[in-house]
Each structure stands twice: as C-alpha cells, then as structure tokens.
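Here the structure is laid out as structure tokens; the discussion comes afterwards.
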Amino acid sequence: MHGSGIVILGIFVADAAYRAERQPRIGETILGKEFSLGPGGKGSNQAVAAARLGSKVKFISRLGDDAFARMAHDMWRREKIEPLVVSDPNSFTGSAYIFVDDSTGNNAIIVVPGAASDVGVEEIERNADSIREADIFLAQFESPISAARRGMEIAKSAGTTTILNPAPASAVDRPLLELCDFLVPNESEAEFITGMPVKSVDDARRVSTALREMGANSVVVTLGENGALLNHGGVCEHVPAFDAGPVVETTGAGDCFCGGFAHALLQNSSPVDAARFACAAASISVTRPGTAPSMPVVEEVEAILFRSRK
C-alpha cells in the first residue's frame, strides 16, 4: 500500500561554512569573511527540501549522542520530518567543512559522516515496511552504498519509485543502475561514472544516453546555471535554469533539486514538469546562504514558474 510520501536514506552533518576570497594553501593561514554553523548532509538537506515544499517525509540515518545530534532533531521537528534514526553514543554526529568562494558562491567540501558511516543493510531491513509503503525512495552515496542498494531493492520490488543521486561520485554497476527509476547525477558525477566529459547540454545528452545503456531507466543530469537535461524513455529534453536573483551560495542547489524533483513526482507531475519544478526550486536556493536553511517553500517556487510562463 503506497501513499506514505517520500522515504530518504542519507546523512545529517553539521555544516561549518567558511566564506573567503580563496582557500588557504597547505601551511598557510588566511582571514575569512564569514562563518556559519548549521544543518546539512545531502540526505537531510533533500528531506528538508521536500518537506518544506509540502511532502510527507521520513528520513533513515544514524547520529551520535551530542550537540550536533540535538541540532538535527530540533530541525527535523521544525520541518515536520519523521526521523527513522538510531543514536550511537559510541560514535559522533558528522560534520562538513565547506569553503565558499566569496566572489562566485561556488564551494569545496570535506564531509565526515561520523555515525552515519555505519548505516548498514540491517538498518534498511528494520525500516523495510516504511520503504515499501512509500511512494518514492531517494538515496545518495554519503551513506554506505550497500545500504543504498538494499533500500533500492526493497523499493523496486514494492513498486515504489526509486531515485538515486550518485553523490559523492562512486563506481556503480549495472544491477544498481537497473534499480533506478531516475538517476540524478551532476556533471562531474556523470563524467565519473561514464568517463565522458560533460561541458555542455549536448554532452549531457550523450552522457544520459550512455547512462541509460548502462542500465538506468531515466536520467536527469543537473547542469548548474544551465539547468538540467532529462532523458526519459530515450527522449531528451533540456530544462533551462531560472533567474531568481544574484547567486550567493550554490552548496545546497543539488540537494534542493533532488528534493524538489521527488516532491513534484509525488504530486503526479510528469518527469519533465518535475525537472522544471526542481530547477525553479534550486534557482531560489542559490540566492541564499547555507544548505537546509536555503530551501524554498512551494509558494516561492510556484511564483517563479508563474513568472516564467508570462
């Protein structure tokens, strides 16, 4: 029985974001311009994006028993996300170092997942009923790939729509790709998996075809300021980005896209309309600092889409 919304497997980390003109070299200290500490982690960010848009969301992960874990639970409570989360007092809640280029808003990230590194197949089995009952199951590779694979297997066998965001970039095999109703890589992840560079929309068309030949059912390659390229059933459609204002930080854009895409599919949008909705949501997120805090509400996304149709 479906109708239980979206289940997301992933990690929560505390994002320590440093804004500066450049990264320091080894052995060098430089002065930064801004610092913030806030909630992050790909899966948790995607959960916030979907929940803030109005979807019912459950989140599978592990945390330590510490201040960062309390930050996570406080945020999930505010965002009305149901945590299916184990607390491990013998480990720690993850954290991420985020460098933000002050002139462009682009970023470089080091993630330490902490307790979430230990999410295993048994964790997935414990939550198998929630996955089976969900309309959509979404996973990434910040959690162990073995857990993502088992979650996708359970979801696929139950007729739950599966979305895989292969980030950070990792090697994937055909059996895993064949479990993907939608594979959602960015340019660098698509290049890592296929060995084909993605520098343009035409490159994205070619790489999406290659990914389908490798086993994925449908592919959405996110292209940053160039929007996204959807290959659904072998038919490619480019969805341009939206201009929601000056770019402040791009860190949460990919997670916002994935959460927005899952939410739109849950509303019975066609894949191309879901990609368009997700591009609009991501375009808003980059105008704000932070990751989870940058996610828009549905009225903001609908306003961008309405303006684009005029």
Side-chain angles (χ1 to χ4, degrees), residues 7-19 23 32 34-52 57-79 81-100 105-120 123-124 138-148 151 164-170 184 186 188-189 249-259 282 285-286 288-295:
V7 171
I8 298 176
L9 167 68
I11 73 169
F12 169 91
V13 298
D15 282 347
Y18 300 80
R19 182 175 285 267
Q23 291 203 75
E34 290 180 24
F35 170 79
S36 65
L37 179 68
K42 295 196 73 62
S44 183
N45 291 340
Q46 292 168 4
V48 171
R52 203 171 278 184
V57 180
K58 297 181 181 180
F59 182 60
I60 301 172
S61 192
R62 290 177 79 94
L63 299 173
D65 183 10
D66 49 33
F68 287 169
R70 291 188 286 278
M71 177 195 294
H73 281 290
D74 287 347
M75 181 193 67
W76 293 331
R77 195 175 302 113
R78 288 195 307 272
E79 302 293 347
I81 295 165
E82 181 180 344
L84 306 176
V85 173
V86 172
S87 294
D88 182 354
N90 298 314
S91 187
F92 61 94
T93 303
S95 184
Y97 156 81
I98 302 174
F99 163 73
V100 181
N106 291 332
N107 60 80
I109 303 172
I110 300 172
V111 176
V112 182
S117 297
D118 296 325
V119 171
E123 211 102 19
I124 301 302
L138 168 58
Q140 332 73 31
F141 287 160
E142 284 186 336
S143 300
I145 292 179
S146 58
L164 177 63
N165 173 216
S170 302
V184 188
N186 66 14
S188 61
E189 292 147 8
E249 183 179 336
T250 62
T251 314
D255 296 334
C256 185
F257 184 96
C258 289
S285 76
V286 300
R288 302 167 177 171
T291 51
S294 74
M295 304 304 174

Test item: Val119 and Pro144 side chains (from C-beta on) under 4.5 Å apart, heavy atoms: yes
- prompt: Heavy atoms, side chains only, cut-off 4.5 Å: are Phe92 and Leu63 in contact?
  reply: no
statement: Shortest non-hydrogen pair, Ser170 vs Ile145, comes out as CB-CD1, 3.7 Å
message: Give me the atom names and distance for the closest heavy-atom approach of Ala167 to Glu189.
response: CB-OE2, 3.0 Å
- request: Look at the side chain of Glu79 and the backbone N and O of Trp76, then say whether any donor-acceptor pair between them is shorter than 3.5 Å.
  value: no
message: Taking the side chain as everything from C-beta on, heavy atoms only, tell me whether Glu82 gets closer than 4.5 Å to Val57.
response: no
field: Approximate separation, where rounding is to 0.5 Å, of Ile8 CD1 and Ser44 OG
entry: 8.5 Å
- prompt: Do Ile109 and Tyr97 have side chains that get closer than 4.5 Å, going by heavy atoms?
  reply: no
field: Electrostatic pair Arg62-Asp118, nearest N-O below 4.0 angstrom
entry: no
query: How long is the span from the CG atom in Asp255 to the CD atom in Gln140, to the nearest 0.5 Å?
result: 7.5 Å
task: Would you confirm whether the ring centroid of Phe99 sits within less than 6.0 angstrom of the ring centroid of Tyr18?
output: no
task: Write down the atom of Gly41, the atom of Val13, and the distance for their closest heavy-atom approach.
output: N-CG2, 3.4 Å
- line: d(Leu9 CG, Ser61 OG) to nearest 0.5 Å is 7.5 Å
- prompt: Atom CZ in Phe12, atom NZ in Lys42: separation rounded to 0.5 Å?
  reply: 15.0 Å
task: Would you check, one step at a time, whether the test side chain to side chain contact (heavy atoms under 4.5 Å, CB included) holds for Lys58 with Ile81?
output: CA-CA 6 Å; Lys58 297 181 181 180; Ile81 295 165; over 6 Å; no
field: Summary of salt bridge (Lys or Arg N to Asp or Glu O under 4.0 Å) pairs that have at least one residue in residues 90-100, sequence neighbours excluded
entry: none
message: Please give me the minimum heavy-atom distance between Ala49 and Gly259, naming the atom from each residue.
response: CB-CA, 4.0 Å
task: Report the distance from atom CG of Asn165 to atom CD of Gln46, rounding to the nearest 0.5 Å.
output: 5.0 Å
field: Nearest-0.5 Å distance that lies between atom CD1 in Ile98 and atom CZ in Arg19
entry: 11.0 Å
query: Can you find a pair of side-chain heavy atoms, one from Phe59 and one from Val48, that are under 4.5 Å apart?
result: no
message: Apply side chain to side chain contact (heavy atoms under 4.5 Å, CB included) to residues Ser143 and Ile11 and explain how you reach the verdict.
response: CA-CA 6 Å; Ser143 300; Ile11 73 169; 3.8 Å; yes
- prompt: Can Arg288 and Glu249 be counted as an ion pair, charged N to O under 4.0 angstrom?
  reply: no
task: Would you please say whether a donor-acceptor pair under 3.5 Å links the side chains of Ser87 and Asp65?
output: no
- request: Measure the shortest side-chain to side-chain distance between Val7 and Ile60 over non-hydrogen atoms and say whether it is less than 4.5 angstrom.
  value: yes
message: How close do Ile124 and Ala147 get, counting heavy atoms only, and between which atoms?
response: CG1-O, 3.5 Å
Cys256 and Asn45, any side-chain heavy atoms less than 4.5 Å apart: no
- request: Please report the closest heavy-atom contact between Met71 and Gly38, naming both atoms and the distance.
  value: SD-C, 3.8 Å
field: Ser91 side-chain N/O to Asp88 backbone N/O, donor-acceptor pair under 3.5 Å
entry: no
